Amino acid sequence: MHADGSIALSAVCLGLALAGAMSALRGPQDRPSRFYLTVVFGVFGGIVSTPLVLAFAPSIYGFYLPVILVLLLILPPAVFFYVAAKTAEVRPATIRRRDIILPIAGSVVMIGYWLQPAEAKTAMFVAGELPSGIVTSTLVLATFMLIFCWVASSCIYLVATLKSLRRYRSKLRTLYSNLDDRELRWLDWFMASLVLLWVVAAFSFVADNTGFERIVVEELVYALIASFLLFVTAFASIVPPQKEDEEPVGSDEAPEAKYARSALTAERAEQLASRIKAAMDQHALYLDPNLSLQKLSRHVGAMPNQISQTLNEQIGATFFDYVAHHRIEAAKPLLLEGAASTLSVSLDVGFNSRSTFYKAFKRETGMTPKAYRAATMQ
């Protein structure tokens with residue numbers, strides 16, 4: 001039986017999961033993001049209800065517990081597709097056949113458990129005993145195999161999710177001159193929290209099945225889940241700003257495909273490189289904190305993909321790095337004057353935050369603005 005503290009925390013987690021699901025359904029995100037986030041909240045809501053079902057509806061516990069296996073198998077692809085949709089990497093119809101193989105297998109096992117006699121389900125799920133019979137033995141073996149597959153698939157989807165985030169942030173550097181409000185850094189904490197929960201859940205499972213259940217603090221597990229659900233509910237509504245004349249980050253083609261159709265000759269590329277440099281050196285476009293590839297392309301009079309190709313092939317920099325270089329060069333004399341704070345200098349030259357300025361300055365010069373001022377003034 002679960003302790004009173006676990007039952008109370010389970011109720012809190014279920015309430016947070018339901019609130020999060022309702023918030024996701026009514027949120028400002030696009031439809032794919034809302035759908036996958038609702039699935040994530042629904043999965044967690046189903047998993048955390050275990051103490052409540054055992055305490056208040058023990059008669060259905062034998063039917064409820066096999067559902068947990070299916071929910072666990074749904075969670076890794078749901079998280080992956082949520083992050084991918086959030087970063088505009090997927091569209092609604094991109095679920096692949098291999099993404100549903102494990103949930104379908106889990107559903108088959110779940111139905112197999114449901115078809116067992118009530119006495120057998122009570123023995124397995126309440127008393128923790130294995131009834132005799134080849135069917136129950138096969139179901140238990142299949143369950144352990146699926147749990148092993150869940151561990152493996154969780155790792156695979158974790159790597160795929162991190163790659164999706166990296167592609168998204170790499171793409172941002174080709175489109176925008178300021179990234180702080182677009183990078184969705186909270187997703188890093190989202191993934192780290194999931195990994196922590198995964199480790200804790202795996203440890204709890206091993207301890208429960210090896211006679212060391214006493215070392216598992218069940219209340220701590222539910223407290224971690226409650227913190228995670230509260231965190232996701234608070235941050236999931238964040239949507240990267242999108243101008244009406246700008247396309248979503250994930251909608252652009254691969255660079256090779258775009259450049260292949262750009263018909264950009266070497267002479268044209270040199271002309272565009274000169275115009276881009278003039279836009280920075282003479283017109284100081286870098287001072288605009290909202291400067292984007294679209295704005296620069298309109299100023300120069302060329303297609304965005306041609307500007308991007310010129311920056312990469314002629315100038316040798318991404319759009320973000322190229323603009324940041326000019327902002328940093330403009331910031332250096334202001335830092336040496338010493339009359340303005342670092343924050344004021346960063347805003348004056350076009351950065352939208354001090355943290356972005358610090359990171360870009362250190363990447364460009366190898367030192368912080370303060371260290372640069374001190375070293376130059378010596």
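For this chain, numbers begin at 1 and follow the sequence in order. These numbers come from a predicted model, not from an experiment.
In summary, the side chains of Ser353 and Thr356 do present a donor paired with an acceptor at a separation below 3.5 Å, with no hydrogens or angles considered. With 3.5 Å as the limit, one finds a donor-acceptor pair spanning the side chains of Asp99 and Tyr157. Side-chain contact annotation: Arg327 with Ser177, donor-acceptor N/O pair under 3.5 Å present. A donor-acceptor pair shorter than 3.5 Å cannot be found between the side chains of Ser308 and Asn305.
Side-chain contact between Arg182 and Tyr176: present, with at least one pair of heavy atoms (C-beta onward) separated by less than 4.5 Å. Residues Ser346 and Leu343 are in side-chain contact: their nearest non-hydrogen atoms beyond the backbone lie under 4.5 Å apart. You'll find the side chain of Met124 stays beyond 4.5 Å of the side chain of Leu65, heavy atoms only. In this structure, Tyr82 and Phe35 have side chains that are not in contact, with every pair of non-hydrogen atoms separated by 4.5 Å or more. Taking 4.5 Å as the limit, every side-chain heavy atom of Ser10 sits out of range of all side-chain heavy atoms of Thr50. Counting heavy atoms from C-beta on, the side chains of Tyr222 and Val12 never come closer than 4.5 Å.
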TODO: Evaluate the criterion side chain to side chain donor-acceptor pair (under 3.5 Å) for residue pair Ser164 and Thr161; output intermediate values, then yes/no.
DONE: CA-CA 5 Å; Ser164 177; Thr161 303; over 6 Å; no
Open item on the list: Between Phe44 and Phe228, does the side-chain contact (heavy atoms from CB on, under 4.5 Å) criterion hold? Intermediate values first, please.
Closed with: CA-CA 10 Å; Phe44 272 100; Phe228 169 77; 3.5 Å; yes
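Of the possible donor and acceptor atoms, one in the side chain of Arg275 sits under 3.5 Å from a partner among the backbone N and O of Val300. A donor-acceptor contact shorter than 3.5 Å links the side chain of Thr87 to the backbone of Val83. Panel note: side chain Ser297, backbone Gln294; a donor-acceptor pair is recorded below 3.5 Å. Within the 3.5 Å criterion, the main-chain N or O of Ala223 finds a donor-acceptor partner in the side chain of Ser227. At least one donor-acceptor pair under 3.5 Å links the side chain of Thr265 to the backbone N or O of Arg268. Side chain of Thr310 to backbone of Gln306: a donor-acceptor contact under 3.5 angstrom is found.
The salt bridge (charged side-chain N to carboxylate O under 4.0 Å, His left out) search around Lys121 returns none, not counting sequence neighbours. Annotation: salt bridge (charged side-chain N to carboxylate O under 4.0 Å, His left out) contacts of Asp188 (sequence neighbours excluded): Arg169, Arg185. Here Glu270 pairs with nothing under the salt bridge (charged side-chain N to carboxylate O under 4.0 Å, His left out) rule; sequence neighbours left out.
For the atom pair Leu179 CG and Phe320 CZ, the distance stands at 4.5 Å (nearest 0.5 Å). Rounding to the nearest 0.5 angstrom, the gap separating the OH atom in Tyr372 from the CD atom in Glu364 is 11.0 Å. Atom NE2 of His299 is separated from atom CG of Leu291 by 9.5 Å, given to the nearest 0.5 angstrom. Taking CG from Leu75 and OG from Ser154, the interatomic distance works out to 7.0 Å, rounded to the nearest 0.5 Å. For the atom pair OG (Ser49) and CD1 (Ile68), the distance works out to 7.5 Å, reported to the nearest 0.5 Å. To the nearest 0.5 Å, atoms CG (Leu311) and OG1 (Thr174) are separated by 9.5 Å.
Ring to ring, Tyr286 and Tyr322 are not that close: their centroids are 6.0 angstrom or more apart. Between Phe357 and Phe351, the ring centre distance stays below 6.0 Å.
The aromatic rings of Trp186 and Phe235 lie parallel to each other, with less than 30° between the two planes, well short of the 60° mark. Below 30°, between 30° and 60°, or above 60°: for Trp150 and Trp198 the angle between ring planes is between 30° and 60°, a tilted geometry. Ring geometry for Tyr64 against Tyr61 counts as tilted: the plane angle lies between 30° and 60°, on a 0 to 90° scale.
Residue Ile74 comes nearest to Pro103 through the heavy atom pair CG1-CB, 4.0 Å, listed as atom of the first residue, atom of the second, then distance. Leu272 and Ala302 make their closest contact through CD2-CB, 3.6 Å (heavy atoms, listed as atom of the first residue, atom of the second, distance). Across all non-hydrogen atoms, the minimal contact from Ala331 to Val345 is CB-CG1, 3.7 Å. Phe231 and Phe190 make their closest contact through CE2-N, 3.8 Å (heavy atoms, listed as atom of the first residue, atom of the second, distance). In terms of heavy-atom proximity, Leu287 sits nearest to Asp348 at CD2-O, 3.5 Å. Residue Val232 comes nearest to Leu37 through the heavy atom pair CG1-CD1, 3.9 Å, listed as atom of the first residue, atom of the second, then distance.
The number of heavy-atom neighbours closer than 6.0 Å to CE of Met367, taken from other residues, nucleotides and ligands shown, is above 12. Enclosure of atom NZ in Lys362 is not indicated, since only 12 or fewer non-hydrogen atoms of other residues, nucleotides or ligands lie within 6.0 angstrom.
Exactly one residue among Val67, Leu69, Thr143, Leu115 makes a side-chain contact (heavy atoms from CB on, under 4.5 Å) with Met110. That residue is Val67.
Electrostatic pairing of Asp30 and Lys86 does not count as a salt bridge here, judged by no charged N lying under 4.0 Å from a carboxylate O.
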